[in-house]
Each structure stands twice: as C-alpha cells, then as structure tokens.
Amino acid sequence: MSRYNVRENEAKWQSAWADRNSFAVSADPARPKYFVLEMFPYPSGRIHMGHVRNYTIGDVIARYKRAKGFNVLHPMGWDAFGLPAENAALERKVHPGKWTYENIATMRGQLQSMGLAIDWNREIATCRPEYYRHEQKMFLDFLKAGLAYRKESWVNWDPVDNTVLANEQVVDGRGWRTGALVEKRKLSQWFLKITHFADDLLSALATLDRWPEKVRIMQENWIGKSTGLRFRFQLTAPEGISTEPEVEVFTTRPDTLFGASFVGISPNHPIALALAEKNPAVAEFIADCNRVGTSEEAIETAEKKGFDTGITAEHPFVPGWTLPVYIANFVLMEYGTGAIFGCPAHDQRDLDFARKYGLKVTPVVVPEGEDPATFDVGTEAYTGPGLLRNSQFLDGMDVEAAKQAAGERIEAMGRGQRTTIFRLRDWGVSRQRYWGCPIPVIHCPSCGLVHVPEDQLPVTLPDDVTFDQPGNPLDRHPTWKHVACPTCGTAAVRETDTFDTFIESSWYFLRFASPRVEGQAFNREEAAYWLPVDQYIGGIEHAVLHLLYARFWTRALSHVGYTDLKEPFEGLFTQGMVTHATYQDAEGKWLLPSDVDVVDGKSVQREGGGPVTVGPIIKMSKSKKNVVDPAHIIDTYGADAARLFMLSDSPPDRDLEWTEAGIDGAWRFINRLWRLVTEPSVTLPPAGTSIPAELSPLATDARRMVHKTVAAIGEDLERFRFNKAVARIRELSNALEKLDGKAGADAGDAAVLREGLEVLVRLIGPMMPHLAEELWSVLGHDTLLVDSVWPVADEALATEDTATVAVQVNGKLRATLHLPKDIAKEEAEALALAEPNVQRALEGKPVRKVIVVPNRVINVVV
RNA sequence: GCCCGCUUGGCGGAAUUGGUAGACGCAAGGGACUUAAAAUCCCUCGCCCUCACGGGCGUGCCGGUUCGAUCCCGGCAGCGGGCACCA
C-alpha cells in the first residue's frame, strides 16, 4: 500500500503550471470572461487560516470556470498601506516600507505554496508610487468636479501621544497605548462627497441580485434614507443669556408634535458652543459628552444626559406652549440638523431622557384596542401604528395621515419643509499618519489651496522618517513638507495628512485589468472587457465600508469620465471565520494549540504536562493565541489537504472550526483517492475505451452515480455549496471503491471504473489541484489537467427509473415503496393501501382522503 | 442602544426550500489483519420501549397555519457579528 508523496508532487505541479504560465491571461473579446477576485490581503507578515479559506474558495471558482471554458482573470495584490506597519516601526524600529515589502515577499511564497491558479504577472502593491500616483490624480479630478472638499471634523485625540486614534485604539474611553482619557477634537480634514450618490447607492442595491441579502440590508441601513420634516422653533432666552432666535430641528415623526416635551440640541451644536463660551458649567458638560467617543455605539449606550439651558422653544402649533431646550448627549451633530424635539411617549431615547429629568410624557398615538383615556407607556415607548389623540387638528388620523397633515401645516406656516435625509455621511479620508498615500495638495499662504500639478505627480513619501516622537512624521519632517507654491513660487507647505487606506481598495479591481499600464490608472478597453468582477469573495466584516466605498469610487470615476462601469462587483460571497478552541495555563496565560496535547482525553501542556483550561471556540486571533499556522499545515499535510479541509463540512458562509482531527481526515481521504486511482485491483482499459452496452447491475449503478455526481457537483459549485460537493466526491469514491472491489471478471466493470476514475479526477481538480494533476498523469494523460475541460453529465444515464415513495398515514411514515417513475396516481394509491403495515395503521378506519405527490409521498388521511 | 445573522445526534453538517429528518464526515464502541503498534478493512451508532416484527418521542422553547412544518406565521430564549480612523 503506497502513500501519496505530497511534497514532491505539489512542488512538481506548481512548477509545471509556472513554467507553462498556465494562469496568465489577456483580454480576448472573442471569449467569455470571468473575473474572480478575493479581497486582497493586508501584508501583516504571514498568511493566516482566514486567507487560506478565502483563497481556496476563490481558487475553486477560478479553476472551475476555467474548465468550463471561461477566460478567467484571477489576480493577486497587496493592500499595503496601513496602521500595522507604523506600529511595527514603533515597536521594532523597522521602517514601515521595509517591513511591508518583507512581509509581501514572505506571504507571496506562502500563497504560492497553496497552488493557487493566479496570474502572478498582474501582482500589485498599493504602497508603490506606480499604484498610488493614479489615486492622487483621481483625487484631483474629484476635487475639480466638486466631489472632494475640506471641513472641520471630530477625531479621537490622545493628549499624551498627541495623536489621532482609530476607534479600535480607544478602549473604554482611553488611549490603548497611553491609557490617557481620549478627547474629541476638531481638525480640518478632507472629505469625499459620497452623499452625492446616496440615492443611487441605495436604489442600485436592488440590481445586485447576486449579493447576499444581509449585506444589502446592512448597506441600506447604513445609507439610512428617511423622509421627514425640517422646521424651526422660536427661542426665548432668559435674562442675561443671548442666543439665536430660532433652532432648526429634523424629525421623522411630525405626527407626534403634540406629544413634544423638550427640544434637544447636540453638545456640538452652535447654540451649545455659544453658551459654553459664557458659562463654564455648559463647557464642562460639553467636554464631558465629548469624552464618550465618536462611535455611534458609544453614544447610544451611554447614559442619557442633558443640560437644561434655560432657553425655551415655542411650540409651532400652540402659541404660548413652551418647551425647555436641553443640550442632550444622544443628539448627533452629524445627523439631520443636530437638533430634535423630544416626544417621550413614542421614542425610547426621549423616554429615558424624560424619565430622568422629570419631563411630561403625553401619549399622542394610541394603538387600536387601547382606551385613549387610560393608555400609558410606562418604561417602553410605543412606536407602533395607531390613531392620534390629544393632538388638536390631528386627532383621529392614523400615523401616516398625521405626518402628512402636520408637515403641510408647517409648510403653510412657512416654518419648514418636508425633506429626505440620509444617515450616510461624507467620507472623511484624511489620516494623520505616515504610511499612506500622500494627499496631493499644497497650502500656500498667498494662493490658499493649490493642487499639485499633474506633471509633478506622484507625490511620494520620504524614506528618512523616524517614529521616536509622537505625531505624524510627515508633519515634522525637516524638508519634505516645505515646497515652493506651484502657482506663485512663494514658500508653501504640503498637506501632511495621507489618505484613508480604504481608498486603495476602492479601485484596485480596475488596476488588475491592466496592472502595468503607465500614464493612466487602467486601460479603458481592457477594463471594459474584464469588469465588473463576476465573483468577489471576502469576509462579512467588509459588508458596509469597503464595499460601499468601492461602489462610490466607481461612480465617482464614472462621473469624472474614467469608465462607464456602474457597479464594481456583480456577485459577492461572504465567507465565515475560521475558529479554534482557546487554551490557558494555570496562570491564565494563553497557549498556542501546538503547545497543547491531549492525553487520556485530557488537555495538558506538551512541555511539562501542566494543566490546561480549554476555553470557547472563537475566531483565530493572535491575542488569544488560538492560531494554527497554515504554512506549518501545508508543510505537514500539503496544500491539497488544507484546501480540502477548508471546503469540507462547514458551508462556506458559516464559521469553520479548525481541528486536528479534521485535517487528519482530509489527509486520509487524499490517500484514499490516491490508492483508488493508482492501485485498482483490475487492469484498466485504455482511456477512451467505449462502455459495453450490457453492464452488471453494480456497474450500472456506479455509472448512474458517476453521471449524477457530475450534474450535482456542477450545481453545488455554482451555488457555493462546497461542503456538499465534497460529500458527493466521497460518495462517488465509495461507489467506485465498491465497484473496484468486485470488478475483475467483467470487461464492462473495468470500463465503467475507468470512466468513473477519469471523471472523479476531473471533479477534484478545482479542490485538490496537485493530487488531481498527478492522478490525471497516472491515468495515462500527457496533457495537463488544468487544460482539460469539465466533464459533462449524460442526463439519460443520470436519471433513475424508479422512485422511492414514502407512505404515510396521517402524516406518519408507515412504509416505503419503490415505484416506477411517474406511475399513475391511482395505481400508486392502490399499492400503498395494499401495504400490510399501512393496513395495520388504518385499523379498519375509513379512508377520508389520499394525497399523492408523484415520486415523493402518499399520505393516507383517516 | 440600534441593525443583522445563527440555533438539527456526542461533534461538523445534509434534507431537491412544504413531502421518508440525520446524506457525507468526525468522534466513540466492537471485530479483522499484525509478534506488537501505526496504517488499512468490516460492523454498530438520535433518544426511549421491544429478543425481534414493530412502536413512541425528536430539528433551541411556546403557540398557530397545513393532509403533512427543520422549512411558512406570531411570541420567547440563547449565542454571534457590525455600528463610520483596524483592514
């Protein structure tokens, strides 16, 4: 019994593909194209299991589509700018560029060891000036077209490090490195007008029918279109306080206006800021609110707090009815007008707030079946449908009619108008960091903002930077930032902020169409051929930001004339995470899975046998040390086993638990396939031998299985049901093993076995390409499997002529019958009723009704 | 807090999306081969009653629609993910 030599074979076939440039492609309008793209990796150092899963899935699709005759573009690149490189610079005193390029070299080797069908000639790295120069040009074009602008915006500020923090660097309101309380600060930053396309980004979601429903819903919610009413309250300030005469609020519930009990303004509302200048208590309250953090989660989960300004607002419909004006920590300056009116009975946040400050709670919408006289909301706001009460001219209307009536009245009064607003905010793209794409503008004391002239692009990063001081190295660089103004020649400074790294990933798919073209971001014709991406594959964590930004960027590029592309990604698949159990020693220190052994069913430390606590199965992460290094796995079991494991058992959109037993199982199956093909018990007839007309029953069954499997696996792969495809491969190999065990006497059996093995090998090609290639050659082919076509199922051979029909009495299974396909209903009914077990279940009771579902079920109702 | 998802044997999962629940695999138990082990092969394997034939129960929980519900509807619980400077 032989064993498959993984190392030798995987290396052999990888060189064979590389030598023949098997996966290099070029645009060919005569052939149908298929663009498979996995989200490109951040070069963090080594590949992790998430990458293995992502790229295995993409590779199966790429190889399958290739075998189906498509001209398949399957490229790879590196999302190479980003924060981790700067952290590495800080911690290990290594230049971010050097660190990044070394990581790329390592990870390229690791990905290549997976045997991916990738056109490596198209590899790109976004940190190279040849790449990012084009996005500098795009940005300037957006600027000219009015799609980019500058405004003040809030950031998380670490007062010790003097640096801006990402949300993830803020832990419990403190800087992750310094532990200092984080402040909100205002900085002048660059924004891209994604809101210009808000409506289109929303409505076009309906055209993305090959996207997961949940991703579309997430984007829909993110864009958050809502229709409502924008109107002004008149303000009265008490003695000694001056304020604006009016405040404009936005509401989606104008119907509840008669239930209003306060007006809330954002802590960063101009009125609040003006008050703060005169009143230290207001300033203190605002500072307090600003310590909460910038994320919506932080703001919404924080305790509702308000500051009574003493100012009052007059109700628009009831002269003399005044509402207190609070500065409220849950009112967002970025949304609507930064001011609201609170109707506690019908909004949970308003209710929490009102209960805390003892404000009146008046229900004005009463659900059907409730008595308006006694209806009360308690601690839970009522947000459902109902009829208006306590609301003067709105009384008796339903919610929708009341919204309209209130809106019309406000408009007639000239105090406001009905509008549509979006939750979506413009995209802030300025980052106060070094390792990113420089923003190509210059600040001139006399000319103001000046674009870097196109012939001076790219603006490249200086190499001589240090990370020994806090803040952005570009900002304190002795020479780089100082330039002569391109317009007037006086001393000016460069913009020292760099772009958000989501920009690079917003157009890399276009660059892949013509990755080496100079002077333009991409060749228009080649992009028109390859784009859109037919199948995009990546993690669900990118459901909103990356995917929305890429959709926006594509529209913006179309807007300024780069392309006619509407949507970048026609099909999207989001895969689940790779998880693993966690381990801790007696002191609570995390342990690597490779440091843990199982002895007599108990987990112990490999070194010394110390006790191990087995923790929950969670996403592999460095911090919890529950990681398994793919390089080690590939080294031990081979790429095919790792790939097979990734595809087996768990559906690809769900989480996958990595286990030692699982990879062992994959390895065993690979050897089983190896033996099945290399050591048949009979001499196989030569390839292409025709199948005799007369076959043994076993061979007939096996042959039907072969053709059924071909049809089913094609369907499974199209629908991303890799786990089912693997199960079918196993079933087919079980059937062929059985045939082989019996074969020998009959030439028909051997011919069917040869046909089956040939099909089997072609079917495993996308999943286990090295093994498949080797077995293809063992079967006597001198061509490469990657160059052969996908098998075609013979429908006539794949269909059964009998059906297994369940016979139920009152819905309970009492017998199964093997009936000829499409037998007459009456006949089937008679046979079913004749079954002894059915008769016993009937107990002589009269049959009321018989339901016959052809080829499926017969249900006798008594 | 808001939004989204998930829940089926000891475990991962399957069930042609309203028609035989548990395909395929993992683990476990028993057996064969072997001096022995590994590898490999064969058998059993949702729970309960029964020597068996067979029967009862069973898809997180409660209820509904239906001849028939893992699937559809209403309610509840648990777990997980996202929330604008991580990518």
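Lettering follows sequence order; numbering is per chain, from 1.
Sorted by residue number, the members of residues 646-653 of chain A with any non-hydrogen atom under 4.0 Å from RNA chain B read A:D649, A:S650, A:P651.
Among the atoms of the strands shown, base atoms are found under 4.0 Å from some heavy atom of A:Q189. Using a 4.0 Å heavy-atom criterion, one finds that A:W427 contacts no nucleic acid atom at all. Residue A:T659 is out of contact with every strand shown, counting any heavy-atom pair closer than 4.0 Å. No contact: A:R728 has no heavy atom under 4.0 Å from any strand.
Applying the salt bridge (Lys or Arg N to Asp or Glu O under 4.0 Å) test to residues at least two apart or on different chains, the pairs with a partner in residues 647-673 of chain A are A:R672-A:E737. Sorted by first and then second residue, the pairs that involve residues 708-719 of chain A and meet salt bridge (Lys or Arg N to Asp or Glu O under 4.0 Å), not counting sequence neighbours, are A:K65-A:E718, A:K708-A:E800, A:E715-A:R719, A:D716-A:R721, A:D716-A:R728.
Under the 90° criterion around 0 for the glycosidic angle, B:C53 counts as syn. Shown here, B:G9 is classed syn by the O4'-C1'-N9-C4 or O4'-C1'-N1-C2 angle, which is within 90° of 0.
Nucleotide B:C24: paired with B:G12 (Watson-Crick or G-U wobble, both distances less than 3.5 Å). Figure legend. B:C72 is base-paired to B:G64; pairs are counted as Watson-Crick or G-U wobble with both atom distances under 3.5 Å. Look at B:G5: its Watson-Crick or wobble partner, with both distances under 3.5 angstrom, is B:C79. Using N1 to N3 plus N6-O4 or O6-N4 for Watson-Crick, or N1-O2 and O6-N3 for G-U wobble, each under 3.5 Å, B:U40 pairs with B:A32. Taking a pair to require two hydrogen-bonding distances under 3.5 Å in either a Watson-Crick or a G-U wobble arrangement, B:U59 remains unpaired.
For the ring-ring contact (aromatic ring centres under 6.0 Å, His included) test, residues two or more places apart in sequence or in another chain that qualify with A:F502 are A:Y549. Every residue meeting the side chain to side chain contact (heavy atoms under 4.5 Å, CB included) condition with A:T636, not counting sequence neighbours, appears here in chain and number order: A:H632. A search for ring-ring contact (aromatic ring centres under 6.0 Å, His included) contacts involving A:H546 returns A:Y536, A:H542, not counting sequence neighbours. With sequence neighbours excluded, no residue forms a ring-ring contact (aromatic ring centres under 6.0 Å, His included) with A:Y42. Partners of A:E495 under the salt bridge (charged side-chain N to carboxylate O under 4.0 Å, His left out) rule, at least two apart in sequence or in another chain, are A:R150.
B:C47 sits 12 Å from B:G10 when the C1' atoms are compared, rounded to a whole Å. Nucleotides B:U70 and B:G55 are separated by 23 Å at their C1' atoms, to the nearest Å.
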Between the protein and nucleotides 69-75 of chain B, which nitrogen or oxygen pairs are less than 3.5 angstrom apart?
none

Could you list the protein-to-nucleotides 16-22 of chain B atom pairs, N/O on both sides, closer than 3.5 Å?
| residue | atom | partner | partner atom | Å |
| --- | --- | --- | --- | --- |
| B:U16 | O2 | A:R856 | NH2 | 3.0 |
| B:U16 | N3 | A:R856 | NE | 3.2 |
| B:U16 | N3 | A:R856 | NH2 | 2.7 |
| B:U16 | O4 | A:R856 | NE | 3.0 |

Protein-nucleotides 4-9 of chain B N/O pairs under 3.5 Å:
| residue | atom | partner | partner atom | Å |
| --- | --- | --- | --- | --- |
| B:U7 | OP1 | A:R654 | NH2 | 3.3 |

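With rounding to whole Å, A:E731 atom CD is found 6 Å from B:C24 atom C1'. Taking atom CH2 of A:W658 as the reference point, atom P of B:C26 lies 15 Å away to the nearest angstrom. For the pair A:H48 NE2 and B:A87 P, the computed distance is 14 Å after rounding to whole Å. Between the C1' atom of B:C83 and the CZ atom of A:R425 lies a distance of 10 Å, rounded to the nearest Å. Rounded to whole Å, the distance from CG on A:D655 to P on B:G12 is 12 Å. Distance CE (A:M577) to P (B:G81): 6 Å, rounded to an integer number of Å. The nearest whole Å value for the distance from the CD atom in A:E86 to the P atom in B:C85 is 16 Å. Look at CG on A:L548: it is 17 Å from P on B:G82, rounded to the nearest Å.
For A:R704 and A:D701, the salt-bridge test passes: some basic side-chain N is under 4.0 Å from an acidic carboxylate O.
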Hey, can you pull the donor-acceptor pairs under 3.5 Å for the side chains in residues 574-581 of chain A, sequence neighbours left out?
| residue | atom | partner | partner atom | Å |
| --- | --- | --- | --- | --- |
| A:Q575 | OE1 | A:N54 | ND2 | 3.2 |
| A:T579 | OG1 | A:L656 | O | 3.2 |

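A donor N or O paired with an acceptor N or O is found under 3.5 Å between the base of B:C85 and the side-chain atoms of A:R433.
Geometrically, A:K151 engages A:F191 in a cation-pi contact, judged by NZ or CZ lying under 6.0 Å from the ring centre and within 45° of the ring axis.
Out of B:A87, B:C24, B:C57, the shortest distance to the side chain of A:D79 is found at B:A87. Between B:G13, B:C24, B:C26, one nucleotide has an atom nearer to the side chain of A:A661 than all others, and that is B:C26.
A:R814 has a side-chain polar atom (N or O) that falls below the 4.0 Å cut-off from OP1 or OP2 of B:G55.
A pairwise comparison of heavy atoms in A:T816 and A:A806 identifies CG2-CA, 4.4 Å as the closest pair.
Along RNA chain B, the nucleotide nearest A:V726 and the nucleotide nearest A:Q348 are compared for position; the residue whose nucleotide lies closer to the 5' end is A:Q348.
Here the side chains of A:V850 and A:V861 are not in contact, with every heavy-atom distance at 4.5 Å or above. Considering only heavy atoms from C-beta on, A:I340 comes within 4.5 Å of A:D350 through its side chain.
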Problem - side chain to side chain contact (heavy atoms under 4.5 Å, CB included) between A:Q432 and A:D475, intermediate numbers included - result: CA-CA 9 Å; A:Q432 295 69 37; A:D475 206 30; over 6 Å; no
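Side-chain contact check for A:D426 and A:T195: at least one donor-acceptor pair (N or O, by modelled atom type) lies under 3.5 Å.
The six-membered or imidazole ring of A:Y132 lies near that of A:F81, with a centre-to-centre distance under 6.0 Å.
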